[in-house]
Amino acid sequence: MDFVAGCIGGAAGVLVGHPFDTVKVRLQVQSIDKPLYRGTYHCFQSIIRQESVFGLYKGIGSPMMGLTFINAIVFGVQGNAMRMLAHDTPTNQFFAGAAAGAIQCVICCPMELAKTRMQLQGTGEKKSSRKLYKNSLDCLVRIYNREGLRGVNRGMVTTFIRETPGFGVYFLSYDVLTRGLGCEPNDRYMIPKLLFAGGMAGIASWLSTYPVDVIKSRLQADGVGGVHQYSGIADCVRQSVRREGYMVFTRGLTSTLLRAFPVNAATFATVTLILMYARGVEEGPKDCESQPSSL
């Protein structure tokens, strides 16, 4: 049941948050010498004006396919890890979440590579005269044909560095908040509390690892247009800081946090409610956290 709930929760999260993710990626990778966007609102405005509202949903196919499975893996692995650890404590929630984050990198990294490339395709054009990639799958196939498995897994190390502690903080924060809120299954404010806890857990998770995400996006976008700027993670960090200062690590943070709250509120609330009602309210958890359950 953890896997099914995670899958449905992931789909809900993608629909809510993808436009914010497109803005985040555009801001993270734009040139400092010739910036296209002045900030989050200007980026939203420009994309809609130049590319129509559908420009905000470029590359949604990859996360819609991938994130549903990723969330199924994350919530499934986290649930099984908690059963193995036996004791439901905040520390165990962190370790179970970290394990889930590490395992799902195998799917997350190629998915985000395709998403990033699709989001950058046709920047500033309502109808691209020449599309390099027809869709997310075509994007990955073309990258594989040119660069092999190494190309498809570009950014894997930074993805692992981001996801492992990020998901640990994610589940730890949700656990602490739900324990503090202490809602019961028959609590009239249960759903608002779930939404608040899930949204704040998402914000905490992103804040804990955001600088790594900036580097990951730059590495995965590197090579678009045939020009490679970075030889690796250290070189990307060094060049980015030298040219843009340490504030480069906050590029796109506003749109990320605006996205994090509704996406994770929708995801966690959906997962928790599905798990709760699948077992029956009378067997529901004492507080609003999603207790793991086997299929």
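Fair warning: this is a prediction, and the values are worked out from it, not measured in the lab.
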field: Gln239 vs Val248 side-chain heavy atoms within contact, under 4.5 Å
entry: no
- prompt: Is it the case that more than 12 heavy atoms not belonging to Arg242 sit under 6.0 Å from its CZ atom?
  reply: yes
field: Check: Leu113 and Arg117 side chains under 4.5 Å, non-hydrogen atoms
entry: yes
- prompt: At what distance, to the nearest 0.5 angstrom, does CD of Gln30 lie from CZ of Arg251?
  reply: 5.0 Å
query: Which word best sums up how the rings of Phe75 and Phe268 line up, parallel for under 30°, tilted for 30 to 60°, or perpendicular for over 60°?
result: perpendicular
message: Would you say Val141 ends up clustered with Val106 if hydrophobic residues are merged whenever their side chains have heavy atoms under 4.5 Å apart, either directly or through other cluster members?
response: no
field: Flag side-chain contact, heavy atom, 4.5 Å: Lys115 against Gln220
entry: no
query: Given Gln93 and Asp88, is the side-chain contact (heavy atoms from CB on, under 4.5 Å) satisfied, shown in steps?
result: CA-CA 7 Å; Gln93 288 282 351; Asp88 184 8; 2.9 Å; yes
field: Main-chain N/O of Asn92 paired to Thr89 side chain as donor or acceptor, under 3.5 Å
entry: yes
message: Any side-chain to backbone donor/acceptor pair from Asp222 onto Arg218? Under 3.5 Å, distance only.
response: no
Heavy-atom closest contact (Ser136 atom, Ala114 atom, distance): O-CB, 3.9 Å
- prompt: Can you list every pair that meets salt bridge (charged side-chain N to carboxylate O under 4.0 Å, His left out) and has a residue in residues 198-217, with sequence neighbours left out?
  reply: Lys24-Asp213, Glu112-Lys216, Arg162-Asp213
field: Fellow cluster residues of Phe94, listed by chain then number, with links counted only when side-chain atoms sit under 4.5 Å apart
entry: Phe95, Val169, Leu172, Val176
query: Salt-bridged, Glu244 to Arg238, with N to O below 4.0 Å?
result: no
- line: dist Ile103:CD1 -> Ile70:CD1 (nearest 0.5 Å) comes out at 13.0 Å
task: Could you tell me whether the side chain of Val241 reaches within less than 4.5 Å of the side chain of Phe249, counting heavy atoms only?
output: yes
- request: First locate atom CD of Glu163, then atom OG1 of Thr158, and finally report the distance between them rounded to the nearest 0.5 Å.
  value: 10.0 Å
- prompt: Does the side chain of Tyr230 reach to within under 4.5 Å of the side chain of Ser240, using non-hydrogen atoms?
  reply: yes
field: Same cluster (ILVMFWY, side-chain, under 4.5 Å), Met247 and Val23
entry: no
- line: To the nearest 0.5 Å, atom CD1 of Ile143 lies from atom CG of Leu149 at 12.0 Å
- request: Report the C-alpha distance between Met82 and Gln78 in whole Å, list the side-chain angles of each, state the deciding distance to 0.1 Å, and finish with yes or no for side-chain contact (heavy atoms from CB on, under 4.5 Å).
  value: CA-CA 6 Å; Met82 285 301 297; Gln78 192 268 349; 3.5 Å; yes
- prompt: Are Val152 and Met118 connected, step by step, through hydrophobic side chains (Ile, Leu, Val, Met, Phe, Trp, Tyr) whose heavy atoms are closer than 4.5 Å?
  reply: yes
query: Is the Phe44 to Tyr37 ring centre distance short of 6.0 Å?
result: no
field: Single-linkage hydrophobic cluster, 4.5 Å side-chain cutoff, Leu27 and Ile48 together
entry: yes
- line: Smallest heavy-atom separation, Cys105 atom then Pro110 atom, equals O-CD, 4.1 Å
query: Does the side chain of Asp21 pick up a donor-acceptor pair with the side chain of Gln119 at under 3.5 Å?
result: yes
message: Check the orientation of Tyr170 and Phe167. Use parallel for under 30°, tilted for 30 to 60°, and perpendicular for over 60°.
response: perpendicular
query: Is the shortest heavy-atom distance from the side chain of Thr40 to the side chain of Phe20 under 4.5 Å?
result: no
statement: Smallest heavy-atom separation, Leu181 atom then Ala197 atom, equals CD1-CB, 4.3 Å
query: In terms of hydrophobic clustering (I, L, V, M, F, W, Y; side-chain heavy atoms under 4.5 Å; direct or indirect links), are Ile60 and Leu258 co-clustered?
result: yes
- prompt: What's the verdict on side chain to side chain donor-acceptor pair (under 3.5 Å) for Glu51 and Tyr57, showing C-alpha distance, side-chain angles and the deciding distance?
  reply: CA-CA 10 Å; Glu51 305 170 45; Tyr57 286 91; over 6 Å; no
query: Just by distance, do the side chain of Thr209 and the backbone of Val212 share a donor-acceptor pair under 3.5 Å?
result: no
- prompt: Is the shortest heavy-atom distance from the side chain of Pro90 to the side chain of Arg179 under 4.5 Å?
  reply: yes
- prompt: Has the side chain of Asn153 got a donor or acceptor atom that lies under 3.5 Å from a matching backbone atom of Met156?
  reply: no
field: Residue pair Leu207 / Leu257, side-chain heavy-atom distance below 4.5 Å
entry: yes
task: Keeping the roles fixed (side chain from Ser217, backbone from Val214), state whether a donor-acceptor pair exists under 3.5 Å.
output: no
- prompt: Can you check side-chain contact (heavy atoms from CB on, under 4.5 Å) on Ser205 and Phe171, steps first, answer last?
  reply: CA-CA 9 Å; Ser205 175; Phe171 283 97; over 6 Å; no
- request: Scan side-chain atoms only and decide if Tyr133 and Arg142 contain a donor-acceptor pair under the 3.5 Å cut-off.
  value: no
- line: When every non-hydrogen atom of Ala269 is compared with those of Leu195, the smallest separation belongs to CB-CD2, 3.6 Å
task: Assess whether atom CZ of Arg188 is packed by more than 12 heavy atoms of other residues, nucleotides or ligands within 6.0 Å.
output: no
query: How long is the gap from CD1 on Ile233 to CD1 on Ile161, to the nearest 0.5 Å?
result: 5.0 Å
message: Return the OG1 to CG distance between Thr22 and Leu56, rounded to the nearest 0.5 Å.
response: 6.0 Å
- prompt: Between Arg26 and Leu36, is a side-chain contact (heavy atoms from CB on, under 4.5 Å) present by the stated rule, with each step listed?
  reply: CA-CA 9 Å; Arg26 295 280 182 95; Leu36 292 174; over 6 Å; no
